[in-house]
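Following: one structure in structure tokens, then a few remarks.
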Amino acid sequence: MRELTYTQALREALTEEMERDPNIILLGEDIGNYGGVFRVTEGLIHKFGDKRVKDTPISEAGFVGLSVGMAMTGKRPVAELMFMDFALVCADQIWNQAAKLRSMSGGRVQMPLMIRSQQGGGRGNGAQHSQSFETLFTHLPGFKVVLPATPADAKGLLKSALRDPNPVMFIEHKLLYNTKGDVPEGEHLVPLGKADVKRAGSDLTIVSYSRQLLFALEAAETLQKDHGISAEVVDLRCTVPMDIDTVIASLKKTHRLLITHESHAACGIGAEVAMRVMERAFDELDAPIMRVAGMDLPIHSAKSLEEQVLPQPPAIVAGALKLMKGG
Amino acid sequence: MRELTYTQALREALTEEMERDPNIILLGEDIGNYGGVFRVTEGLIHKFGDKRVKDTPISEAGFVGLSVGMAMTGKRPVAELMFMDFALVCADQIWNQAAKLRSMSGGRVQMPLMIRSQQGGGRGNGAQHSQSFETLFTHLPGFKVVLPATPADAKGLLKSALRDPNPVMFIEHKLLYNTKGDVPEGEHLVPLGKADVKRAGSDLTIVSYSRQLLFALEAAETLQKDHGISAEVVDLRCTVPMDIDTVIASLKKTHRLLITHESHAACGIGAEVAMRVMERAFDELDAPIMRVAGMDLPIHSAKSLEEQVLPQPPAIVAGALKLMKGG
Amino acid sequence: MYERMNLIRAFEEACVQLYMEKEIRGSLHPCVGQEATAVGACFAINPDDYMTCTYRGHGACIAKGIDVNAAMAEMLNRKTGISKGKGGSMHWTDPSIGLLGENAIVAGGVPIAAGAAFSAQLDGDGRVALTFFGDGAINQGAFHEALNLAQLWNLPLILLCENNLYAEMTPLAMSNPLKQIADRAKGYNMRSMVVDGNDVCAVYDTVKKAAKFARDGKGPTFIEAHTYRLLGHMIGDSETYRTKEEVAQWRQRDPIKRLAEHLIANEKLSQADLDAIHARVEAKIAGAVKFAKESPYPDPEEVHTDFWL
Amino acid sequence: MYERMNLIRAFEEACVQLYMEKEIRGSLHPCVGQEATAVGACFAINPDDYMTCTYRGHGACIAKGIDVNAAMAEMLNRKTGISKGKGGSMHWTDPSIGLLGENAIVAGGVPIAAGAAFSAQLDGDGRVALTFFGDGAINQGAFHEALNLAQLWNLPLILLCENNLYAEMTPLAMSNPLKQIADRAKGYNMRSMVVDGNDVCAVYDTVKKAAKFARDGKGPTFIEAHTYRLLGHMIGDSETYRTKEEVAQWRQRDPIKRLAEHLIANEKLSQADLDAIHARVEAKIAGAVKFAKESPYPDPEEVHTDFWL
Ligand SMILES: Cc1ncc(C[n+]2csc(CCOP(=O)(O)OP(=O)(O)O)c2C)c(N)n1
Ligand SMILES: Cc1ncc(C[n+]2csc(CCOP(=O)(O)OP(=O)(O)O)c2C)c(N)n1
Ligand SMILES: [Mg+2]
Ligand SMILES: [Mg+2]
């Protein structure tokens, strides 16, 4: 295996799948000639031509809407939103159209459509360019929701997602693009909806995904080093379908559960994981489930404030210590 | 006190507040000359003129965007979305602009803006005209979220909301408009963020709001009559701010908690209430918190299917019985 | 075309009846009075051409060839409905006739049709896409973005605006500042045409031209069709926004009446011929209602199907 | 005007420097080369007139009269920043000078400015609203809905499109099908004007006319100003989408250079006079950087303030 960046892994997955499936068409702003502001689609227009890699005007509702029509007529469109925050200018086409048309038609149409985007804070971009929307896609039914944390998962999940017959929201993180990791060559497929134990442990279970997963691993190291606490870290990888079995399997070993995510706490993934665990494994809990999530506030630009709104590794450590005391 | 319909109570609140505050301007589709398709604004254009009651084109992003600018320049706009589902065509102005501009400006601008809409299913309108979005407004910070279930609360909460300096999402329910109830005359103010015990009980606590609250009360009667179970029913009334104190006070009596709402289960209000209760009152729970919520599916048109997706009173009764057995 | 227009009229009138009888849930937006636009347009394109329309699209769907039994069953939310009872009145969808859906979101179907046109362009199969929308839809953002893209990418798309003078209860003058709606196309450097939407032959010719233009690779055309809905926006509409006189005038221009007169005057058809057609239509609709009423409601298990694949 | 244009240029160049030094977080979108549009437009309206602009709006904000110390402090996310360090580069907001915000969403500020214009119309206070946006913004739905409303309601609004030939890395020809952007106004039956955006006097005169038109109750005007950003879309832009020659040509048309030549040739100013101005500007910016760097970061408690009232 060779080391690739998260960006390279994504590009490799797109390249391999576009070679495999001629119906895959990419649409987005500056993804063609320029190669994408985050470089994911770099070079693809030269390999596949400007019919399959379409530079669009700044018309998200337009090109996501076109993608919906394309998906119903034999194509597999992949619409790129440069920033996840822009899902709000095309929300109708995403949630009233793409997410519902198959069901409303009684299954008469297919909707093999993907939206790709990157989200998250940590760069001081301010409240309109730092948001995370996996919760919206999890609450409003219709999309599978994929959030890879590592280059290997980025490739494996993207390849699987590009073969999935359902609408898929593929969510990257702006601060993961330059991370490196071993990535299998060729046919590397990671199934959608299977969580992954990224670190084994025995004292508590930490559930996370996307960039926050790296913070969880960092916190787990600190817990081990400084406090002799052994944390198992579960990477949810997808919030739809949500693999609660793997979470409960871990909980049965540790009997303590902490969930951490960058997105806002209220009605977030943490609350949903907690609810499902409580429904199925209440008696396994030796302490109340702990949530370490983004504050319910806009994401400020100043570093000193942004790092409070978005939970950093020390906040996870603090939460874990509280959890170990509690119950 | 006289009996009014929910619609009349809302109209009375709008009328009184518009008389009190000349800066209140209503904008929306068919709200003026026609009086609104749900009749809430009937007659207001004749009382206040077409400068304060503006009929708009079908341009939600346009007139909600205008409202944002108006709110920053001394007005108190009240933008009506005919159906909550249409929030998705103006989502950027709602969540990227109205919800954030005050914070992003470091408090330099004010945003006394209200969006009024009606939501919910039960009429067979299909998946694009039956949704409930309080979860979106609760997850993405910036709006207070108000969901009256009774005519008296409709008036009292709307009057308070029209005096609140923050953005407010005021959510009505299409199947509540014709419900009747006693409504105090004149200055009747119900504070935002205070839950209300709509029925006293001792065996379990049922938390709900909006139309589902009526289902909860109906279920409580059945539980009493057919099963001798005494349910306390708490009306959350607002999901932001969320009054967990009142929920926990009730839980301390009953030690069993069921939350029911019409909107989708995943990452919903039920999960959030459960999470906050667990964080603060885990030891009060004699059984896992029970959720009876909308299925994570588009809302079908056929009655036989719609009534499965949207939980009916019998589902609440069944959940409560399970909850009483459990733990 | 005359028969199809009558079929639409009879279908809608049957629906109004059924709605009164509480057999139909949700809202009903009859297209009575707009049949010429629907039939003229759909007869001018091919069966395999793509189409999207709106909650007022029953006419367009029937004109495109939807099975009226399945359509009526959908109105009654039956298992045999075109969408298995899951979509109802506003979401008829049938790719086998190119129908990519009615839509309950104003202008929601416009970018979708543009996407189908893009597929056709990529496939080079000579198909075109036709999208119906109302005079109120031209003020939606999605409409704007779709038109800009359609012209920019030279898509084989026909944009058919059914200008019936009102958006719900809002008259034209209160929804846009244009002298005529077709002027909106100027903002995209797009070709536009205006046609009497109650003259089925005129609509047919206009759409034929637009379809040829599109198939020849010359791009989209914006068509403004002047028509009128003889019933309210939906059942329950008090119609306080328009006068009885105005409605009466438009009844004079009833497209079916006009076509009947034309056929008798110029096409040597007799009243008897027309009555025969009316009888066939009545029978067909009666059969559809019977079929629908006798069909079962969806099974409870159906709640989970047709969602995840 | 010359001094203000230089102030903008110096401010942006200082920001580029600070960005390189990693003193500035987030993205930086310099408006170097577009100073004439900003200054010409803002000098043509009153201090209490409303304005919105974009992430590339530093020039417009400085032209409208923002305190450069507070602006620079905001770039460095300091407590003394115009938004207390909470908004950063893309969200300068100061109602005391009529500035209702830059905006990081393309076209997001256009309906907001229309709303301010609507307030002015309701208040009858003779104010106008000016909104800056780019050539790429005309393809957004919010832009469309705002223009339709502005014309329909005859709002005192000036729509100023800074056509700098590129939307990020996308050239004009790939984002819209128009011969000239001003043609888009035709779709709303809206008055439009085209101006050389690098000629500050021409911009001033054009916006003055539009402002008078608006104050006279005649409604909105769409202005297309031709200009060019001499730096990349943002720091880090590889600029592979344009040639060095093209940039060099536009450097010849540098609006500051042009104004300097004009002042010396026709206004009898000497190079010494200009140098004095340059010195004042440099001092002012140096002072702003010093002020910003010496200012503290926001206190941790500030995370919760300025949100709920
Ligand atoms: C985005 C959106 N806003 C509002 C509505 C509510 N609505 C349904 S039909 C309609 C009027 C549409 O008028 P027009 O486009 O002229 O079509 P017509 O009904 O006249 O055929 C409105 C406002 C909607 N369905 N979608
Ligand atoms: C809705 C939305 N889509 C995409 C972006 C990303 N983006 C930021 S600036 C920009 C280009 C805008 O070009 P233009 O309107 O010409 O303004 P300019 O940057 O040239 O001044 C894009 C696509 C955004 N901020 N908002
Ligand atoms: Mg109409
Ligand atoms: Mg530009």
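Just so it is clear, the model here is predicted, and its values are computed rather than measured. Sequence lines set the chain letters: A, B, ... in the order given, protein chains first and strands last, and positions in each chain run from 1.
- At distances below 3.5 Å, not a single donor-acceptor pair connects side-chain atoms of B:D30 with backbone N or O atoms of C:E168.
- For B:I58 against C:A167, the heavy-atom pair with the smallest separation is CD1-CB, 3.9 Å.
- When side chains are defined from C-beta on, B:V37 counts as touching C:M169, because their heavy atoms get closer than 4.5 Å.
- For the atom pair OH (C:Y55) and CD (B:Q128), the distance works out to 12.0 Å, reported to the nearest 0.5 Å.
- Residue B:F83 does not touch chain C at all, counting heavy-atom pairs closer than 4.5 Å.
- Across C:A104, C:G88, C:G87, C:S27, the residue that shares the most heavy-atom pairs under 4.5 angstrom with chain B is C:A104.
- With a 4.5 Å cut-off on non-hydrogen atoms, C:M174 touches chain B through its backbone and its side chain both.
- Neither the backbone nor the side chain of B:D50 has a heavy atom closer than 4.5 Å to any heavy atom of chain C.
- When all heavy atoms are compared, the tightest approach of C:F307 to B:D296 is CE2-O, 3.8 Å.
- In this structure, C:Y241 and B:N33 have side chains that are not in contact, with every pair of non-hydrogen atoms separated by 4.5 Å or more.
- Remark: of the listed residues B:E306, B:M295, B:E307, B:M295 is the sole one forming a side chain to side chain contact (heavy atoms under 4.5 Å, CB included) with C:V303.
- Between chain C and the options B:S304, B:S130, B:G126, the largest number of non-hydrogen pairs under 4.5 Å is found for B:S304.
- Within residues 131-144 of chain C, the residues having any heavy atom closer than 4.5 Å to a heavy atom of chain B are C:G136, C:N139, C:Q140, listed by residue number.
- For the atom pair B:S301 OG and C:E74 CD, the distance stands at 7.0 Å (nearest 0.5 Å).
- Heavy atoms of C:S238 lying under 4.5 Å from chain B belong to its backbone as well as its side chain.
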Next item on the list: Test B:H129 against C:M90 for side chain to side chain contact (heavy atoms under 4.5 Å, CB included), laying out the working first.
Entry: CA-CA 10 Å; B:H129 275 58; C:M90 305 197 287; 4.0 Å; yes

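- Between the side chains of C:T170 and B:D55, no donor-acceptor pair is found at a separation under 3.5 Å.
- Environment of NZ in C:K186: sparse, with no more than 12 heavy atoms of neighbouring residues, nucleotides or ligands closer than 6.0 Å.
- Using a 4.5 Å cut-off between heavy atoms, C:N176 makes no contact with chain B at all.
- B:R123 places no side-chain N or O within 3.5 Å of a backbone atom of C:R25 that could act as its donor or acceptor partner.
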